[in-house]
Amino acid sequence: ISTATSIAQQKFNNCIMNASGVWCSDEKELTIIDNSAAGTFVTKSGTLQPREGNPSPRYFETSWGSINSMGLPNRGLDYYLDFVQKLQQQKRQKHYFISCTGFNVQEDLLLLKKITDADFKGIVELNLSCPNVPGKPQTGYDFATVDMILKNVFENYAGPLGVKLPPYFDIVHFNQMAQILNKYPLAYINCVNSIGNGLYIDDEKEQVVIKPKNGFGGIGGDYIKPTALANVHAFYQRLDPKIQIIGTGGIKNGQDVFEHILCGASMVQVGTALMKEGPDIFERLTQELKTIMQAKGYSKIADFKGKLKYLA
Ligand SMILES: O=C(O)c1[nH]c(=O)[nH]c(=O)c1Cl
C-alpha cells in the first residue's frame, strides 16, 4: 500500500506534510520535519525582510483547534532559500516547498526573482491569505488583485508554483475564483488557510486569549474541516485537472486525510494537530491512512482521489 503522490511532476514518497507556519520557522524545525515521516516540508512564508511578527500571546490552543495572530514572523526569504538549497544539495532525490509572501505585487516579483536567481528546483507556494497583518487585507478575497498578481507572476516566474488560498464560503465565489485560476499554469492551489478573524473567549476571565487585534485571529483545527473539504472539492470540480489541489484544514487522523483525498486533494498539510502533537504525528497519520486504504481495498491514493460520491 502506497501513500506516495506527485505535484508538478515532482514525486513524494508520502502525501502528508506540514502546513506553512507550523514547525517550519527555522532550520532546526525544518530538519526535524525533513527527518520525520512527512513526505516533504514547506517553510514559513518568507518576506523580503525578516519580521518579528505580532506581540504575544499570539497563539492559543483549544480542545477543538487553535486561534493565531502570529503576524508573519519569519527569518526572511533569503534564510529559507539558503537553507533549502543547502539541503537540496545533500538530498537530490527529495523536493521541497518554499512559501513566500509580499505586501504588494512588486514585492511578490522581487521574492520570485530571488528564488529564480538561487536556481531553486523545488516548488514555490505564494501565500495569498495571511489574515493577521494589521491593516493588510487577505489578498485572496480581492479577485481582481489575485488576477493581476497571477498575470504578473506567470510573466516572470518559470518554475512550479502554487498559491495558498483563504477559505471561500459562497458558490459564486468558487465559480469566480476558478475562472481566474484556470487562466494560469498553476502547479496547484492549496485550500485552505485559517478561517480569518475568529474570536475565542476565556469565560472565567471574560477576556480574549490572544493579544493582537483585540483577540481576533485565524481559526484552525476541527472547527474548519467542513470548510476545508468543501473548498478542496469545489475547486476539484471546477479547475483544469492540470492544476492539482493540496488539502489543508482540520486534519488530525487518517480519516481526515482520507476525506481530503476523496474530495480531490493530491497532497495534504497538517497545521494545528502538528502544533499539538509534534512531528511524530506523520507516522501515525500515515499508518492510519494505510489501514483505511487496506480495509477499502485501495493500494494507492489514485484509486480513490476525487471519487466522492453524491446522492442520486
Ligand atoms: O499570522 C501568520 O503568520 C499567519 N497565520 C495564518 O493563520 N495564516 C497565514 O498565512 C499566516 Cl502568514
Side-chain angles (χ1 to χ4, degrees), residues 17-26 29-30 41-62 64-77 79-80 97-104 107-108 111 124-142 145-146 149 161-168 188-200 208-225 227-228 231 246-252 269-276:
M17 63 184 285
N18 72 298
S20 181
V22 183
W23 273 86
C24 59
S25 293
D26 59 31
E29 293 183 338
L30 289 163
F41 63 60
V42 58
T43 66
K44 171 67 183 175
S45 298
T47 49
L48 278 179
Q49 301 305 324
R51 287 174 54 88
E52 283 292 312
N54 292 338
S56 295
R58 58 192 190 182
Y59 182 86
F60 186 85
E61 275 173 13
T62 78
W64 286 357
S66 65
I67 183 168
N68 90 83
S69 183
M70 309 305 286
L72 250 177
N74 75 96
R75 296 291 189 92
L77 178 68
Y79 173 91
Y80 300 110
F97 288 71
I98 278 206
S99 174
C100 62
T101 192
F103 288 106
N104 54 52
E107 287 201 2
D108 287 338
L111 290 161
V124 173
E125 179 162 292
L126 181 61
N127 185 355
L128 299 179
S129 43
C130 179
N132 299 322
V133 178
K136 299 298 286 181
Q138 291 180 76
T139 306
Y141 289 142
D142 179 340
T145 300
V146 169
I149 287 173
L161 180 143
V163 288
K164 181 72 172 283
L165 296 175
Y168 300 96
Y188 73 94
I189 65 168
N190 184 342
C191 298
V192 293
N193 209 316
S194 54
I195 295 181
N197 296 297
L199 191 56
Y200 187 85
V208 301
V209 294
I210 54 173
K211 183 166 185 176
K213 293 172 58 177
N214 293 332
F216 285 64
I219 303 296
D222 297 358
Y223 300 111
I224 77 166
K225 191 175 82 169
T227 295
N231 276 259
I246 293 184
T248 307
I251 293 175
K252 68 177 186 187
Q269 295 186 346
V270 186
T272 297
L274 169 58
M275 196 70 186
K276 289 186 177 187

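The first residue in the sequence is number 1, and the count goes up from there. Note that ligands are numbered from 1 as they come in the structure, with each ligand's atoms numbered from 1 the same way.
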Going by the order shown, which atoms of ligand 1 are within less than 4.0 Å of some heavy atom of [X]?
X    : answer
N193 : 6 (C), 7 (O), 8 (N), 9 (C), 10 (O)
L72  : 1 (O), 2 (C), 3 (O), 12 (Cl)
P73  : 3 (O)

Backbone or side chain, does any N or O of [X] fall under 3.5 Å from an N or O of ligand 1?
X    : result
P131 : no
S45  : no
G71  : yes
S69  : no

Just do the ring pair (Phe, Tyr, Trp, His ring centres under 6.0 Å) check on Y223 and Y200 with the steps written out, would you?
CA-CA 12 Å; Y223 300 111; Y200 187 85; 7.2 Å; no
Counting only heavy atoms, which portion of [X] has something under 4.0 Å from ligand 1: side chain, backbone, both, or neither?
X   : result
N54 : neither
K44 : side chain
N68 : side chain

In sequence, state the C-alpha distance, the side-chain angles, and the governing distance for N193 and N127, and then conclude on side-chain contact (heavy atoms from CB on, under 4.5 Å).
CA-CA 9 Å; N193 209 316; N127 185 355; 3.5 Å; yes
Without swapping roles, check the side chain of K136 against the backbone of F103 for a donor-acceptor pair under 3.5 Å.
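Pair found, side chain donor or acceptor close to backbone of F103.
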T248 (side chain) donor-acceptor with V192 (main chain) under 3.5 angstrom:
no
Count the heavy atoms of every other residue, nucleotide or ligand shown that sit under 6.0 Å from NZ of K276, and state whether that count exceeds 12.
yes
Hey, is NZ on K225 packed in by over 12 heavy atoms from elsewhere, all under 6.0 Å?
yes
Starting from atom 12 (Cl) of ligand 1, what is the nearest protein heavy atom, named by residue and atom, and what distance separates them?
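Nearest protein contact, heavy atoms only, for atom 12 (Cl) of ligand 1 is C130 SG, 3.1 Å.
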Are the side chains of L72 and N132 in contact, using a 4.5 Å heavy-atom criterion?
no
Between S45 and S99, which heavy-atom pair has the shortest distance, and what is it?
OG-OG, 2.7 Å
